[in-house]
Q: 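Just passing along the structure, written as structure tokens.
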Amino acid sequence: MNANRCAAIAAIASNENARSGIIKEKGLETCLEAMKLHKEHAMTQREACLAIDSLASTPQSRKRIMELGGVTLVRPYPFHAPAFVALFL
């Protein structure tokens with residue numbers, strides 16, 4: 001269920017115009033919480049990272065991800081969030 005939710009957020013986040021709405025509606029928090037709760041579920045981690053990678057397109061969203069502890073959660077999965085991880089390595 002959480003992998004599917006994160007996959008849906010990732011798919012919608014691929015549309016640049018939808019990203020601010022996703023962030024406003026707590027989609028970022030949803031993905032990060034799924035990563036925290038399902039550390040051993042590879043598909044959830046992958047889909048959440050893909051969503052976060054797309055959502056990290058502005059300085060404001062990157063700041064929010066950092067505030068929520070997203071760097072620590074995403075860093076172990078550089079292949080799933082290459083653009084985001086590259087900013088913090």
Q: Rounded to the nearest 0.5 Å, how far apart are CG of L50 and CD of Q45?
A: 11.5 Å
Q: Looking only at heavy atoms, what is the nearest atom pair of D53 and A83, with distance?
A: OD1-N, 3.2 Å
Q: Can you check whether I52 reaches L28 side chain to side chain, under 4.5 Å on heavy atoms?
A: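 Result yes, sub-4.5 Å side-chain heavy-atom pair found.
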Q: Where do R62 and A56 come nearest, in terms of heavy atoms and distance?
A: NH1-O, 2.9 Å
Q: Please enumerate all residues that pass side chain to side chain contact (heavy atoms under 4.5 Å, CB included) together with S57, with sequence neighbours excluded.
A: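 Side chain to side chain contact (heavy atoms under 4.5 Å, CB included) check on S57 returns R19.
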Q: Applying salt bridge (Lys or Arg N to Asp or Glu O under 4.0 Å), can you list everything that pairs with E67, at least two apart in sequence or on another chain?
A: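 Checked E67 against salt bridge (Lys or Arg N to Asp or Glu O under 4.0 Å); matches are K63, R64.
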Q: Return the set of residues passing side chain to side chain contact (heavy atoms under 4.5 Å, CB included) with N4 (not counting sequence neighbours), or none when no residue passes.
A: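 None.
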Q: Search all heavy atoms of G27 against all heavy atoms of I9 and return the closest pair with its distance.
A: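 Shortest heavy-atom separation between G27 and I9 comes out as O-CD1, 3.7 Å.
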Q: What heavy-atom pair brings I23 and E29 nearest, and what distance separates the two atoms?
A: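 The pair with the smallest heavy-atom distance is O-OE1, 4.4 Å.
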Q: Between OG of S61 and CE of M66, what distance do you get to the nearest 0.5 Å?
A: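 The OG atom of S61 sits 11.5 Å away from the CE atom of M66.
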Q: A3: what forms a side chain to side chain contact (heavy atoms under 4.5 Å, CB included) with it, not counting sequence neighbours?
A: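 Testing A3 for side chain to side chain contact (heavy atoms under 4.5 Å, CB included), a comparison that skips the adjacent residues, returns H41, M43, T44.
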Q: Between side-chain atoms of residues 30-39 and protein atoms elsewhere (two or more places apart, or another chain), which donor-acceptor pairs fall under 3.5 Å?
A:
| from | atom 1 | to | atom 2 | distance (Å) |
| --- | --- | --- | --- | --- |
| T30 | OG1 | K26 | O | 3.0 |
| H38 | NE2 | N2 | ND2 | 2.6 |

Q: Working to the nearest 0.5 angstrom, can you tell me the gap between R75 CZ and L73 CG?
A: 11.0 Å
